[in-house]
Amino acid sequence: MNTTWKMDRRTFLRGTGVALALPLLEAMRLPLRAAPAVASPMRMVCVANPLGMLPESFFPAEAGADYRITESLRPLEKFRKEFTIFSHLDHAETGGHRAVHSFLCGLKDVEATDMPAKNISVDQRAAEFVGTKTRFPSIVASPGAEIGELALRQSWTRNGVNIPPVTSTRELFRALFMAEDPAALRQRAAAYDLNASILDAVNSQAKLLERRLGRADQQKLDEYLTSVRELERKLGMSREWLNKPKPKVDMEEPKPGAFTHELPMFFDLVTLALQTDSTRVASLGIPASLDTRDLGLTGNYHGFSHHGKDAALQKGLLVIEKFQMVQLARFLEKLTAIREPDGHTLLDRTMVLFGSGMGNGSSHSNRDLPVLLAGGGFKHGEHKVYPDAGKRVPLCNLFTTMLQRFGAEVERFNKGTGTLTGFEVA
């Protein structure tokens, strides 16, 4: 076909007073070399550390673009123009370990009852925006399980429900890339049908009840029905994905291993999940009680975080923190190496947040949280220092900026007051 000639898409056949629009013809297509690239979707990855970072080893002494790289950030030096460090952002929370779970949402679960969206986390708000466009609205994972105050609870739904993480790389790999056997598919389809029938019955009863309620109760019931309709939508799309084949990847099923094996493997799986558009949102939690023997240390992560300024413990803690930064740098390297159809790298189209709900593990402070953001098409390369006194800036303002960049129509997120000033798209 000759692609140098192009017919206008608005060409009509005219005669006897009638104009008939032509269907889309090959001659109306742009030449292949001039075809506009479809914009790649935005993604979001949140990496949550439960024990903070050594402040003096994480935060640069200087503000702006000419800061001296710190010890913890040294593994990321190659990417210093691809990320931004933020000082003096937090949620103004107190409570030590009991407040760590507020990192991605901005408020503690016990204080969220009066919030319209409870304590929904930024990753799950982004997942709501994606909805059913991908097989998995989000991935929540961790290379280890925890209990008690140290339990990994970084991701929260609109109803204030915590999403427990997948803690096995093998389990995540199978969910993402391995086909289910026909019997299991039939069983899941039957479960969707049953859930749909239950929702139909609930909706019918609710409509009958609504006629007998006062205005305030009708409003509450309407909120409830809205959540029911949202569940119906999710169930419907889940069933659609049921029979769609999963992507094929050049990776063998992972074998279980120590933390030093599992963390990079989780990053690899998240990379593949983003690349295959199996999901556009992921959160990865670092376990607080991880065994450090593979790092040449004796004791667990939590113990090192309570260093009390002991030099030996601080040295060991820095080893753990730098390992996390090495793996984060390796993740950014992978995202940079993947080219999107529109010419951008996968890092250009992925916001990678790293931070913690703990500012200083030794003092159990939840103030001045260590936070950096890479990728996503922002103007990076600086250490941005916000006011430390007076009118402090909420970390949720950064989350509002991220959500808007993601495409969600939000004016402010949870306890935020708006977007983050001085931080813009490139």
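Excluded from the calculations below are hydrogen atoms, water molecules and symmetry mates; all remaining heavy atoms, backbone and side chain alike, are included. For the single chain, residues carry numbers from 1 onward in sequence order.
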Problem set entry | Flag side-chain contact, heavy atom, 4.5 Å: Met358 against Asn366 | yes
Problem set entry | Residues Asp342 and Ser40: side-chain donor-acceptor under 3.5 angstrom | yes
Problem set entry | Nearest heavy atoms of Leu297 and Gly316, plus distance in Å | CD1-O, 3.4 Å
Problem set entry | Ser142 side chain vs Gly285 backbone, donor-acceptor pair below 3.5 Å | yes
Problem set entry | Pair Ser138-Gln124, side-chain donor/acceptor within less than 3.5 Å | yes
Exercise. Which pairs count as side-chain hydrogen bond (donor to acceptor under 3.5 Å, both in side chains) when at least one residue sits in residues 42-63, sequence neighbours excluded?
Worked result: Arg43-Glu340, Asn49-Tyr301, Asn49-Gln324, Glu62-Arg68
For this session: Taking the side chain as every heavy atom from C-beta outward, state whether Cys396 and Phe399 have any atom pair closer than 4.5 Å.
Result: yes
Problem set entry | Ser362 versus Asn360, side-chain donor and acceptor atoms under 3.5 Å | no
Exercise. If every non-hydrogen atom of Val122 is compared with every non-hydrogen atom of Cys46, which pair is closest and at what distance?
Worked result: CG1-SG, 4.2 Å
Exercise. Does a donor on one side chain and an acceptor on the other come within less than 3.5 Å for Thr419 and Asn397?
Worked result: no
Problem set entry | Validation row, ring centre Phe83 to ring centre Phe354 under 6.0 Å | no
Exercise. Is His91 reaching over with its side chain to a backbone N or O of Phe103, donor-acceptor style, under 3.5 angstrom?
Worked result: yes
Problem set entry | Where Thr401 and Phe378 come nearest, the two heavy atoms and their spacing | CG2-CE2, 3.8 Å
Exercise. Is it true that a side-chain atom of His261 and a backbone atom of Lys255 form a donor plus acceptor pair closer than 3.5 Å?
Worked result: yes
Exercise. Under 4.0 Å between a Lys/Arg side-chain N and an Asp/Glu carboxylate O for Glu111 and Lys108?
Worked result: yes
For this session: Mind listing the closest non-hydrogen atom pair of Thr70 and Phe58 along with its distance?
Result: OG1-O, 2.9 Å
Problem set entry | Any donor-acceptor N/O pair, Asp348 side chain to Gly376 backbone, under 3.5 Å | no
Exercise. Can you find a pair of side-chain heavy atoms, one from Ile139 and one from Ser278, that are under 4.5 Å apart?
Worked result: no
Problem set entry | Side-chain heavy atoms of Leu290 within contact of Asn300, under 4.5 Å | no
For this session: Could you check if a side-chain atom of Val45 sits within less than 4.5 angstrom of a side-chain atom of Met351, using non-hydrogen atoms only?
Result: no
Exercise. Does Arg174 come within less than 4.0 Å of Glu171, counting only side-chain N to carboxylate O?
Worked result: no
Exercise. Are any side-chain N or O atoms of Glu321 and backbone N or O atoms of Leu54, one a donor and one an acceptor, separated by less than 3.5 Å?
Worked result: yes
For this session: Verify the distance criterion only: is there a donor paired with an acceptor across the side chains of Thr84 and His380 at less than 3.5 Å?
Result: yes
For this session: Check whether any side-chain heavy atom of Gln154 sits under 4.5 Å from a side-chain heavy atom of Val140, and report yes or no.
Result: yes
For this session: Indicate yes or no: does Arg392 engage Asp90 in a salt bridge with an N to O separation below 4.0 Å.
Result: yes
Problem set entry | Side chains of Pro75 and Leu328 in contact at under 4.5 Å (non-hydrogen atoms) | no
Problem set entry | Main-chain N/O of Phe86 paired to His383 side chain as donor or acceptor, under 3.5 Å | no
For this session: Give a yes or no answer on whether the side chain of Arg80 reaches the backbone of Ala65 with a donor-acceptor pair at less than 3.5 Å.
Result: yes
Problem set entry | Residue pair Ser365 / Ser363, side-chain donor-acceptor N/O under 3.5 Å | no
Exercise. Is there a donor-acceptor pair under 3.5 Å between the side chain of Thr292 and the backbone N or O of Gly299?
Worked result: yes
Exercise. Do Glu262 and Thr169 meet the criterion of a side-chain donor-acceptor pair at a distance under 3.5 Å?
Worked result: yes
Exercise. Short question: side chain of Asn414, backbone of Ile120 - any donor-acceptor pair under 3.5 Å?
Worked result: yes
Exercise. Side chains of Asp268 and Thr271: donor-acceptor distance under 3.5 Å anywhere?
Worked result: no
Problem set entry | Under 3.5 Å donor-acceptor, Asn159 side chain and Val161 backbone | no
Exercise. Ser356 and Gly52: which non-hydrogen atoms are nearest, and at how many Å?
Worked result: OG-N, 3.0 Å
Problem set entry | Charged N-O contact under 4.0 Å between Lys133 and Asp277 | no
Exercise. Ring pair (Phe, Tyr, Trp, His ring centres under 6.0 Å) between Phe173 and Phe177: does it pass, once the steps are laid out?
Worked result: CA-CA 6 Å; Phe173 177 86; Phe177 305 121; 5.6 Å; yes
Problem set entry | Close side-chain approach of Arg125 to Phe413, heavy-atom, < 4.5 Å | yes
